[in-house]
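Only a predicted model underlies this, so the values are computations on that prediction, with no experimental measurement involved. We count ligands from 1, going down the list as the structure has it; atoms in each ligand are counted the same way. Note that these values count all heavy atoms, side chains included, but never hydrogens, waters or copies made by symmetry.
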Amino acid sequence: MIKKIDHIGIAVRDLAEALKLYEGLLGLKSIGTEVVEEQKVKVAFLPTGDSEVELLESTTPDGPIAKFIEKNGEGIQHIAFRVDNIEQRLAELKEKGVRLIDEKPRRGAGGAKIAFLHPKSTFGVLIELSERD
Ligand SMILES: C[C@@H](C(=O)O)C(=O)SCCNC(=O)CCNC(=O)[C@H](O)C(C)(C)COP(=O)(O)OP(=O)(O)OC[C@H]1O[C@@H](n2cnc3c(N)ncnc32)[C@H](O)[C@@H]1OP(=O)(O)O
Ligand SMILES: [Co+2]
């Protein structure tokens with residue numbers, strides 16, 4: 001079902017400041033920033049081998065990233081797994097009793113189809129499933 005870790009999502013207050021560390025000091029290279037309106041985030045993706053780091057800054061005080069930082073401070077907010085046939089994966093997980101945040105895929109960064117599983121049903125980790133061509 002899962003092909004690889006697609007990305008690790010890290011919530012930050014200030015994307016430009018975070019890039020100074022990830023690019024300037026750690027030497028990763030952002031492949032570009034993008035606003036994903038539906039998720040109320042501005043993101044940058046930095047490839048690390050076969051997986052990526054996703055830095056997320058909130059675009060509004062009430063978005064999921066702003067709420068996460070308010071409660072927990074900055075840090076790892078989700079892990080994303082690459083899957084095929086996301087609709088079928090979601091249907092199977094739902095049938096097995098896993099709590100879905102998204103019953104149907106939404107559009108994520110780069111046009112990927114994404115859907116989140118609720119951390120209360122995944123041992124405390126917010127899991128994103130991601131399918132892209
Ligand atoms: C652009 C895209 C892409 O990659 O393409 C993205 O990644 S967008 C990435 C940003 N988008 C998202 O995260 C969308 C999916 N997330 C959501 O729908 C929400 O953030 C929820 C995960 C449902 C949390 O909602 P909300 O903050 O309203 O609820 P809450 O604070 O009362 O949290 C309910 C319980 O879940 C826990 N909880 C909340 N967020 C968590 C997280 N990130 N990891 C682990 N646990 C978490 C809380 O501690 C709480 O547990 P206790 O009750 O024990 O205290
Ligand atoms: Co993500």
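For atom 17 (C) of ligand 1, the closest non-hydrogen atom of the protein is I101 CD1, 4.0 Å. The single protein non-hydrogen atom nearest to atom 28 (O) of ligand 1 is K67 NZ, 3.1 Å, given as residue, atom name and distance. For atom 40 (N) of ligand 1, the closest heavy atom belonging to the protein is F68 CD1, 4.3 Å. Looking only at protein heavy atoms, the nearest one to atom 41 (C) of ligand 1 is P119 CG, 4.0 Å. Shortest contact from atom 45 (C) of ligand 1 to any protein heavy atom: G124 O, 3.2 Å.
Nearest N/O/S atom of E54 relative to the Co ion (ligand 2): this is OE1.
Remark: I10 CD1 to F68 CZ distance equals 10.5 Å, nearest 0.5 Å.
Counting only heavy atoms from C-beta outward, the side chains of H78 and H7 approach each other to under 4.5 Å.
When atom types are taken as modelled, the side chain of Q77 and the backbone of I65 share no donor-acceptor pair closer than 3.5 angstrom. For the pair E87 (side chain) and P105 (backbone), a donor-acceptor distance under 3.5 Å is absent. Side-chain atoms of S51 come within 3.5 Å of backbone atoms of I5 as a donor-acceptor pair (strictly under, hydrogens ignored).
Distance check on atom 23 (C) of ligand 1: some protein heavy atom falls below the 4.0 Å cut-off. Remark: atom 7 (O) of ligand 1 lies closer than 4.0 Å to at least one protein heavy atom. By the definition of a contact as any protein heavy atom under 4.0 Å away, atom 19 (C) of ligand 1 is not in contact.
For E103 and K94, the salt-bridge test passes: some basic side-chain N is under 4.0 Å from an acidic carboxylate O. Ion pairing between K20 and E17 holds under the 4.0 Å rule for side-chain N and carboxylate O.
The proximity of Q77 to ligand 1, defined as any non-hydrogen pair under 4.0 Å, involves the side chain as well as the backbone. Contacts between L56 and ligand 1 below 4.0 angstrom, taking non-hydrogen atoms only, involve the side chain exclusively.
Close contacts of ligand 1 with G108, meaning ligand atoms under 4.0 Å from a residue heavy atom, involve 5 (O). For ligand 1, the atoms sitting less than 4.0 Å from at least one non-hydrogen atom of H7 are 4 (O), numbered in the order shown with element in parentheses. Near H78, meaning under 4.0 Å from one of its heavy atoms, ligand 1 places the atoms 7 (O), 9 (C). Near K120, meaning under 4.0 Å from any of its heavy atoms, are these atoms of ligand 1: 35 (C), 51 (O), 52 (P), 53 (O), 54 (O).
Ligand 1 lies out of reach of A112, whose nearest heavy atom is not under 4.0 Å from it.
By heavy-atom distance, the residue among K42, R132, E54 lying nearest atom 4 (O) of ligand 1 is E54. With K71, E34, K40, Q39 as candidates, the residue nearest to atom 30 (P) of ligand 1 on a non-hydrogen basis is K71.
Hydrophobic clustering of Ile, Leu, Val, Met, Phe, Trp and Tyr side chains at less than 4.5 Å, counting indirect connections, unites L56 with I69. Under the 4.5 Å side-chain heavy-atom criterion for grouping Ile, Leu, Val, Met, Phe, Trp and Tyr, I8 is connected to L26 within one hydrophobic cluster. V125 and F116 end up in different hydrophobic clusters when Ile, Leu, Val, Met, Phe, Trp and Tyr side chains are linked at under 4.5 Å. Taken together through direct or relayed side-chain contacts under 4.5 Å among Ile, Leu, Val, Met, Phe, Trp and Tyr, M1 and L117 form part of one hydrophobic cluster.
Contact record, A18 with L55: CB-CD1, 4.1 Å, taken as the closest heavy-atom pair. Here the closest heavy-atom approach between residue S130 and residue I86 is recorded as N-CD1, 4.3 Å.
Between H118 and ligand 1, no N or O atom pair is found at a separation short of 3.5 Å. On a distance-only criterion, A109 and ligand 1 share at least one N/O pair closer than 3.5 Å.
If you put the vertex on the Co ion (ligand 2), OE1 of E128 and NE2 of H78 sit 80° apart, to the nearest 10°.
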